[in-house]
Trainee: 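This is the structure, below, for whatever I ask next.
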Amino acid sequence: MSVLLLSALLLAAGIVVGAAVPGVSGFVRDSLGAVGLTRAAGHPGSEAAGHDHDPGPTRAAAPEGRESQNQAHQSEGHPDHEHAEAGVIRMRPEQVAAQGIAVAPVIGGTLARHLLVPGTITPDTDRIARVPARVVGTVAEMRKRLGDAVQKDEVVAVLDSREVADAKSEYLTALVQVELQTINFERQQKLLASRSASESAFQSARAAFLETRLRADLARQKLSALGLDATAVAAAQKRDEATPTLSTLRRYELRAPFAGRVVERKVDVGSAVGKEGDPAEIYLVADLSTVWIELSVPTLDLARVQEGARVTVTPGREGGGRHQEGRVIFVSPFLNPETRSARVVVALPNADLAWRPGTFVTAEIEIDRDPVPVRVPKAALQTVAGARVVFVRTPEGFAMRSVELGRSDDESYAVTAGLAAGTEIAVGNTFLLKAELGKAEAGHDD
């Protein structure tokens, strides 16, 4: 009786403890087996207790699950499949447009290298002229104001000059003398032919005729030296005869040497000019349709600068980003002993007069020019894993492609391998494609 009571107590304790501690449950079960008492099949909680006690299958299942997952992951990320998808960026056309990724076909072209040199705009010395007071006189009319446009040979001022009057009078008198002596010479020539005059009278008439012709020629040259046309002077004298109240004898007209603008006005109406101490100039006229760029090129770079080279000129802040192309017209054979540099002059078109003398500019002198079959802009290139790449446009988006580069200039590289002419590539905002490629690789590594 006592043995049965003890066994019942041990069984009850084993059930309670076994539920809490599976390891103890096994010990109790072994103890009961030693005394010949086992748990009855179908006893309540036997299935749950057995499940709790047997952790073996649970521990074995976890490695098996992880192994199957790893095998599935390896099958999805097979090296061949990764290589097929590497460098591919899938983008719809609207995404490409939204991100501002510019696309253009690859073409050949010319690589041009440049030398940057600061310079200053100056007037073209061949297109700037002074309107001088070539005679002594007084300013009677000033027909142009500062800044006015003038045309070639247009009258810009009128002087009143006694010197001009004397020169015109001398020439007009000589013309009258020539006319009279011509008549006398022809008459003596006819008389000599009819033996009605002596040889001495004929020779005397001939000498007077030649002398008056010489005087007329000298008077004509004097007018020419003053810038006057003898034919115009004679015509003006005939007009004066028809209008006695008007006289052009003292009138001296000053004309513009070429078309341009009045950039300086030296005198006013009534000013005396021409004498020592008086102003010698009336106007300064400049044609600014072409200006010069004065450059100072160092000795080390001078050998690469050639006359006729193309030059792109960019102004300072006041230029607003404007640029213009000119040509080198002069490279000085002499060096400045202080700066060890040479003067280089660039001719620059200035049809709208926007390039003002005195403006500081930057000149890009073309020093080399090479044609290449394939070139890409620098903005199209990116560096991925140490290699230079471009992004080729595909129906699905873009594909990264490695290229080999050759010579370069300020804007482009020559492509020696990896890209054919006509291939469409991204040429703008390519850093966005590189970023997308980095995101795809990061997600693939996860």
Side-chain angles (χ1 to χ4, degrees), residues 120-165 167-168 222-237 239-240 246-275 277-294 313 315 318-319 322 324 326-327 329-330 345-359 361:
T120 306
I121 297 178
T122 64
D124 183 346
T125 56
D126 294 333
R127 296 173 179 265
I128 188 167
R130 306 176 189 279
V131 179
R134 305 174 70 175
V135 299
V136 176
T138 304
V139 178
E141 296 180 31
M142 294 287 289
R143 295 189 178 182
K144 295 295 180 180
R145 294 180 298 179
L146 189 65
D148 286 352
V150 298
Q151 301 299 320
K152 180 178 174 60
D153 292 330
E154 181 181 1
V155 176
V156 295
V158 177
L159 303 182
D160 182 82
S161 173
R162 182 176 178 179
E163 180 184 2
V164 171
K168 289 181 178 179
K222 187 175 182 178
L223 290 177
S224 179
L226 294 176
L228 296 171
D229 180 51
T231 303
V233 170
Q237 177 62 23
R239 289 195 301 269
D240 291 346
L246 298 178
S247 176
T248 60
L249 198 62
R250 298 172 61 91
R251 184 183 179 90
Y252 182 76
E253 295 179 342
L254 297 176
R255 299 178 180 272
F258 48 68
R261 295 183 67 194
V262 175
V263 296
E264 287 187 35
R265 175 172 161 160
K266 305 286 189 177
V267 297
D268 298 317
V269 174
S271 299
V273 295
K275 291 182 181 179
D278 292 340
E281 301 169 359
I282 309 300
Y283 291 110
L284 182 66
V285 177
D287 177 9
L288 299 178
S289 61
T290 299
V291 293
W292 282 0
I293 311 295
E294 294 278 353
V313 180
E318 65 275 15
R322 173 187 174 92
Q324 181 79 32
R327 295 276 183 174
I329 61 171
F330 176 70
V345 179
V346 176
L348 188 69
N350 188 31
D352 58 0
L353 306 181
W355 299 98
R356 299 179 180 274
T359 303
V361 297

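Computed over heavy atoms, backbone and side chain alike; hydrogens, waters and symmetry mates excluded. Source: prediction; values computed, not measured.
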Trainee: Please check: side-chain N/O of Y283 versus main-chain N/O of A157, any donor-acceptor pairing under 3.5 Å?
Mentor: no

Trainee: Say whether, by atom type as modelled, one donor and one acceptor occur between the side chain of S161 and the main chain of V136 under 3.5 angstrom.
Mentor: yes

Trainee: Could you walk me through whether V273 and L159 pass the side chain to side chain contact (heavy atoms under 4.5 Å, CB included) check?
Mentor: CA-CA 9 Å; V273 295; L159 303 182; 4.0 Å; yes

Trainee: Minimum heavy-atom separation for A230 and L223, please, with both atom names.
Mentor: CA-CD1, 4.1 Å

Trainee: Would you tabulate the side-chain donor-acceptor contacts of residues 259-269 under 3.5 Å, counting partners in other chains and residues two or more places apart, or write 'none'?
Mentor:
residue: R261; atom: NE; partner: G147; partner atom: O; Å: 3.2
residue: R261; atom: NH2; partner: G147; partner atom: O; Å: 3.2
residue: E264; atom: OE1; partner: K266; partner atom: NZ; Å: 2.6
residue: R265; atom: NE; partner: V267; partner atom: O; Å: 3.3
residue: R265; atom: NH1; partner: K144; partner atom: O; Å: 3.4

Trainee: Who passes side chain to side chain contact (heavy atoms under 4.5 Å, CB included) against E294, sequence neighbours left out?
Mentor: T122, W292, R343, V345

Trainee: Using the salt bridge (charged side-chain N to carboxylate O under 4.0 Å, His left out) rule, take R251 and E141 through it: C-alpha gap first, then chi angles, then the decisive distance, then the call.
Mentor: CA-CA 10 Å; R251 184 183 179 90; E141 296 180 31; 3.6 Å; yes

Trainee: Considering only NZ, NE, NH1 and NH2 on the basic side and carboxylate oxygens on the acidic side, decide whether D153 and R255 come within less than 4.0 Å.
Mentor: no

Trainee: Give me the atom names and distance for the closest heavy-atom approach of D126 to D124.
Mentor: N-OD1, 2.9 Å

Trainee: Does any N or O in the side chain of K168 come within less than 3.5 Å of the main-chain N or O of Q237, such that one atom is a donor and the other an acceptor?
Mentor: no

Trainee: Return the set of residues passing salt bridge (Lys or Arg N to Asp or Glu O under 4.0 Å) with D148 (not counting sequence neighbours), or none when no residue passes.
Mentor: none

Trainee: Tell me, please, which residues at least two apart from K152 pass side chain to side chain contact (heavy atoms under 4.5 Å, CB included).
Mentor: none

Trainee: Distance from M142 atom CE to I282 atom CD1, nearest 0.5 Å?
Mentor: 6.0 Å

Trainee: Give the minimum heavy-atom separation between V150 and A256, together with the two atoms involved.
Mentor: CG2-CB, 4.0 Å

Trainee: Spell out, as yes or no, whether a donor-acceptor pair under 3.5 Å connects the side chain of N350 to the backbone of W355.
Mentor: yes

Trainee: Nearest 0.5 Å please: distance from the CG atom of D229 over to the OG atom of S224.
Mentor: 8.5 Å

Trainee: Tell me whether R162 at atom CZ has more than 12 heavy atoms from other residues, nucleotides or ligands lying less than 6.0 Å away.
Mentor: no

Trainee: Output yes when E253 and R143 qualify as a salt bridge under the 4.0 Å nitrogen-oxygen rule, no when they do not.
Mentor: no

Trainee: To the nearest 0.5 Å, what is the distance between CD (E163) and CZ (R134)?
Mentor: 11.0 Å

Trainee: Identify, with sequence neighbours excluded, every residue that meets side chain to side chain contact (heavy atoms under 4.5 Å, CB included) alongside F258.
Mentor: A129, V285, D287

Trainee: Mind checking side chain to side chain contact (heavy atoms under 4.5 Å, CB included) for P123 and listing every partner two or more places apart, or none if nothing turns up?
Mentor: I128, L288, P357

